[in-house]
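Before any comments, here is the structure.
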Amino acid sequence: FFKQKTACEIPKRDWSSDVCSSDLCEPGEVVVTGGGTESDNLAVKGIARAARDAGAPDGVVVSAIEHRAVLGAADRLAREGARVALAPVTGAGVVDLDRLEDLLDEAVAVVSVMTVNNEVGTRQPIEDIAAIVRDRAPRARLHTDAVQACSWVTADAYAAADLVAV
C-alpha cells in the first residue's frame, strides 16, 4: 500500500528558517535536537559547564515547578559541585519574583523558568524574569522551556529569554 522512501528521496527540511521566521533569532543560532528533554539538558548543562570551563562560577537557579528534564539537569550539576537553588512559586503557581531576585548574584551562570507549566498551565512572566536576571546576575543566561507553550502562546511570551527549548 505504501511505498517506503529511502533517505535520498525524503527532502531535507530547513528547520532553522521555520523557527526563525519570527525574527527572534538567526538560523545559525538554532540547534535541532531530538526533543525537549535533550534541548533542556543542552541549555542548562551547557551554559553551566561552559562557565565552569572558563573559570567562572557555574551557579544554577531553576523554578521549583520545572519539568523534570530541567530539574534532572540541575541535580546532575549539583552532584558535579555547582551551586543550585530552587526558586519558589506563589500559591498561583507563578515564580515568586522577589524570592527569585534574592537567589541571583554574580555566581549564577544560568536561570531556567518554563514558559508555561505542563501540569497546571500557569504562564510565567518571562519578560519580567529576564529583566531581573539581567539586573541581578548580568553574566547569567535565561533559559525557558517553551515546549508546552508553543501551541498556546505567541513567541513574544518567551522572546526575552536567551535560550528557548521549543
Side-chain angles (χ1 to χ4, degrees), residues 13-89 95-97 99-118 124-150 153 155-166:
R13 185 163 176 194
D14 183 5
W15 291 99
S16 60
S17 61
D18 290 347
V19 172
C20 294
S21 63
S22 63
D23 294 328
L24 296 175
C25 62
E26 296 296 323
E29 296 174 325
V30 176
V31 177
V32 178
T33 66
T37 296
E38 185 179 356
S39 296
D40 291 338
N41 273 276
L42 181 61
V44 176
K45 290 180 188 175
I47 293 295
R49 288 175 177 162
R52 182 185 330 138
D53 290 349
D58 59 357
V60 178
V61 176
V62 300
S63 81
I65 58 169
E66 284 303 297
H67 187 275
R68 63 185 167 133
V70 171
L71 294 173
D75 180 61
R76 177 64 196 184
L77 290 165
R79 286 185 277 131
E80 293 175 6
R83 182 187 79 178
V84 175
L86 291 178
V89 296
V95 171
D96 183 325
L97 299 181
R99 297 288 305 278
L100 173 65
E101 191 170 358
D102 292 341
L103 295 171
L104 299 174
D105 58 28
E106 291 291 328
V108 175
V110 62
V111 176
S112 185
V113 177
M114 64 183 4
T115 306
V116 174
N117 183 275
N118 59 308
Q124 301 300 327
I126 298 300
E127 192 168 327
D128 296 339
I129 292 168
I132 292 168
V133 170
R134 285 176 180 77
D135 180 55
R136 299 282 297 170
R139 281 187 357 32
R141 296 293 171 251
L142 175 61
H143 165 259
T144 189
D145 179 337
V147 172
Q148 300 296 322
C150 286
V153 299
D156 64 330
Y158 48 82
D162 299 301
L163 301 120
V164 180
V166 291

Using atom types as modelled and distance alone, determine if a side-chain donor or acceptor of [X] lies under 3.5 Å from a backbone N or O of [Y].
X      : Y      : answer
Asp162 : Leu142 : yes
Asn41  : Thr37  : yes
Asp145 : His67  : no
Arg139 : Pro57  : yes
Thr144 : Val164 : no
Arg76  : Gly72  : no
Glu101 : Ile132 : no

State, yes or no, whether a side-chain contact exists between [X] and [Y] at a heavy-atom distance under 4.5 Å.
X      : Y      : value
Arg136 : Val111 : no
His143 : Val62  : no
Leu86  : Glu66  : no

For [X] against [Y], the heavy-atom pair lying closest together:
X      : Y      : answer
Ala87  : Val61  : CB-CG1, 4.2 Å
Ile126 : Met114 : CD1-O, 4.2 Å
Ile129 : Leu100 : CG2-CD2, 3.8 Å
Val44  : Val60  : CG1-CG1, 4.3 Å

Just checking Arg99: does its CZ atom have more than 12 heavy atoms from other residues, nucleotides or ligands closer to it than 6.0 angstrom? no

Would you find more than 12 non-hydrogen atoms of other residues, nucleotides or ligands less than 6.0 Å from Glu80 atom CD? yes

Less than 4.0 Å between a side-chain N and a carboxylate O, is that true for Asp75 and Arg79? yes

